[in-house]
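In what follows, chains carry the letters A, B, and so on, assigned in the order in which the sequence lines appear, proteins first and then strands, with residues in each chain numbered from 1.
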2 protein chains.
Amino acid sequence: MNLIKKSLHDHNSCRQKVMEAAKLYCEEKNLKLTPVREAVLNMLLNEHQALGAYEILEGLRISGFSAQPPVAYRALNFLKDIGFVHKIEQLNSYIACYHPDTTHSPVFLICQSCNDITEKSIDRHEDEFNLLANETGFEITNLVLEAKGTCQACLASA
Amino acid sequence: MNLIKKSLHDHNSCRQKVMEAAKLYCEEKNLKLTPVREAVLNMLLNEHQALGAYEILEGLRISGFSAQPPVAYRALNFLKDIGFVHKIEQLNSYIACYHPDTTHSPVFLICQSCNDITEKSIDRHEDEFNLLANETGFEITNLVLEAKGTCQACLASA
DNA sequence: TCATTAATGTTATAACATAACATGTTGGCA
DNA sequence: TGCCAACATGTTATGTTATAACATTAATGA
């Protein structure tokens, strides 16, 4: 697994920072980061990896929340809409965003060997996709950019 | 719908061209384009849009093939592996590729209004994603590049 | 011909996701 | 305060997408 990578940053403080940012964002926009929503975001921040909706659901059950599928999906969709969670389409799973903002599009590098997911980002409005879309007059509302493959660590240890 | 777009090219000949290419490819690689596989590719080429696996399955049933889910999924995965079909991850559906080759990565523009899907392509090895992956030593085996939004025609008629 | 591999058939079930409606909670305003 | 409206949650049921596992059949080639 990706022990090296994970030790490279202070996970605890990064987690708290994002949670604070989410709270602030919701306050500003008059949205509610309710207990369920906060629990889901917290779980994803803790895991620091992609989780399926039913794993989230199991976590909610353990924490004493109602645990029918819609509960998890509603929270995930809320967090996705405000940009603090992304869906990894190729894995049907969800991951916390550690640098939410509106000027970048997330790019995910998914390692098939260690399951680690790295989030990169590219400039919105200047990237190839937007250029390509602009050429044909297509207006983008959502970009999914995902690469599956093998990460450096796994390549090295192979 | 996208009547204009569709009339812009000779759909029939393009369909046949791709089918020929698939046959040739399989011959060269010693792979078998069996009746089920050909039927699936043909269905996708005819529709000229993304179909769900269970729609494919229904088509197979009508054509007299066995119609349990694995039959459709196996054929789709075979065609995907050889690059003649792509999966649209955001729609959980499958679409024929009209210009299969190994030097480009497909990019899909998915119109939420008319459901039309446009396949574009970008240069492999020179695009931003590969550059981004290279920086970190990540080796890509599969790229998913999909944009959801509104196409020019729909924007104009809105 | 017979062993091997590839493909297909078939049953069952896993995994992912939402519709629809009931109930509770919150905040504003008459 | 009492009521309404909007939002959030609870709950049941079901829809949709996908695969595991094993049996059977077809093609290939020593």
Side-chain angles (χ1 to χ4, degrees), chain A residues 22-23 26-27 29-41 43-44 50-82 84-95 112 115 142 144 146 148, chain B residues 22-23 25-27 29-41 43-44 50-82 85-95 112 115 142 144 146 148:
Chain A
K23 283 181 181 168
C26 286
E27 231 167 83
K29 301 270 181 179
N30 246 313
L31 298 168
K32 277 170 249 176
L33 194 61
T34 61
V36 198
R37 291 167 178 172
E38 186 171 340
V40 171
L41 181 54
M43 206 179 312
L44 286 169
L51 296 176
Y54 281 70
E55 290 177 278
I56 297 281
L57 203 53
E58 181 55 21
L60 288 176
R61 174 172 294 126
I62 290 168
S63 305
F65 291 92
S66 167
Q68 299 304 319
V71 175
Y73 283 103
R74 282 171 188 149
L76 286 168
N77 286 331
F78 173 85
L79 294 167
K80 189 154 74 77
D81 288 344
I82 65 171
F84 283 82
V85 163
H86 299 298
K87 180 175 183 185
I88 308 293
E89 294 287 347
Q90 288 185 84
L91 302 178
N92 294 317
S93 63
Y94 303 82
I95 193 165
Q112 288 171 311
N115 296 311
N142 185 43
V144 171
E146 300 175 5
K148 244 189 195 163
Chain B
K23 284 180 179 167
Y25 179 92
C26 287
E27 231 167 80
K29 301 271 180 178
N30 246 313
L31 298 168
K32 277 169 250 174
L33 194 63
T34 61
V36 198
R37 292 167 177 173
E38 186 171 340
V40 170
L41 180 54
M43 207 180 313
L44 286 169
L51 296 176
Y54 282 73
E55 290 178 278
I56 297 282
L57 202 54
E58 181 54 23
L60 289 176
R61 173 172 295 125
I62 291 168
S63 305
F65 291 93
S66 168
Q68 298 305 317
V71 175
Y73 283 103
R74 283 169 186 150
L76 287 169
N77 287 330
F78 172 85
L79 294 167
K80 190 155 75 78
D81 289 343
I82 64 172
V85 163
H86 298 298
K87 180 175 182 185
I88 308 294
E89 294 288 347
Q90 288 186 83
L91 302 179
N92 294 316
S93 62
Y94 303 83
I95 194 165
Q112 289 171 311
N115 297 310
N142 186 42
V144 171
E146 300 176 3
K148 242 188 197 164

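Among the nucleotides D:dT28, C:dG9, D:dT12, the one closest to the side chain of B:K32 is D:dT28. Of the candidates C:dA19, D:dA8, D:dT19, D:dT19 carries the atom nearest the B:P70 side chain, counting heavy atoms from C-beta on. The side chain of A:P69 sits closest to D:dA13 out of C:dC16, D:dA13, D:dA20. When distances are taken from the side chain of B:V71 to each of C:dA7, D:dT9, C:dG9, the shortest belongs to C:dG9.
A:I56 places its CD1 atom 12 Å from the P atom of C:dC16, with the value rounded to the nearest Å. In this structure, B:L57 places its CG atom 13 Å from C1' of D:dT16, rounding to the nearest Å. Per the geometry, CD belonging to A:Q68 stands 13 Å off C1' belonging to D:dT14, to the nearest Å. Atom CG in B:N77 sits roughly 16 Å away from atom C1' in C:dA6 (whole-Å rounding). What separates CG of A:L31 from P of C:dT25 is a distance of 21 Å, to the nearest Å. C:dC16 atom C1' lies 12 Å from atom CD of A:E89, rounded to whole Å. To the nearest angstrom, C1' of C:dA17 lies 15 Å from CG of B:L91. Atom CZ in B:F65 sits roughly 9 Å away from atom P in C:dT8 (whole-Å rounding).
Comparing B:T34 and A:R74 along DNA chain C, the residue whose closest nucleotide (by nearest heavy atom) sits nearer the 5' end is B:T34. Mapping B:G52 and A:V36 onto DNA chain D via the closest heavy atom, the residue that lands nearer the 5' end is A:V36. Both B:S66 and B:R37 sit near DNA chain C, but only B:R37 has its closest nucleotide nearer the 5' end.
Between C:dC16 and A:Y94, no contact under 4.0 Å exists linking OP1 or OP2 to a side-chain N or O. Between B:Y73 and D:dA18, a side-chain N or O to OP1/OP2 separation shorter than 4.0 Å is present. Phosphate proximity of D:dT17 to A:N92: absent, as no side-chain N or O sits under 4.0 Å from OP1 or OP2.
Considering all non-hydrogen atoms of both residues, A:Y94 and A:L44 come closest at O-CD2, 3.3 Å. For the residue pair B:L31 and B:Y25, the shortest heavy atom distance occurs at CD1-CE2, 4.2 Å.
If you check every strand for non-hydrogen atoms under 4.0 Å, B:Y54 touches a base.
In this structure, A:E146 contributes its side chain and A:Q90 its backbone to a donor-acceptor pair below 3.5 Å.
Rounding to the nearest 0.5 Å gives a distance of 11.0 Å between CD of A:E89 and CD1 of B:I88. With values rounded to the nearest 0.5 angstrom, B:H86 atom NE2 is found 12.5 Å from B:S93 atom OG.
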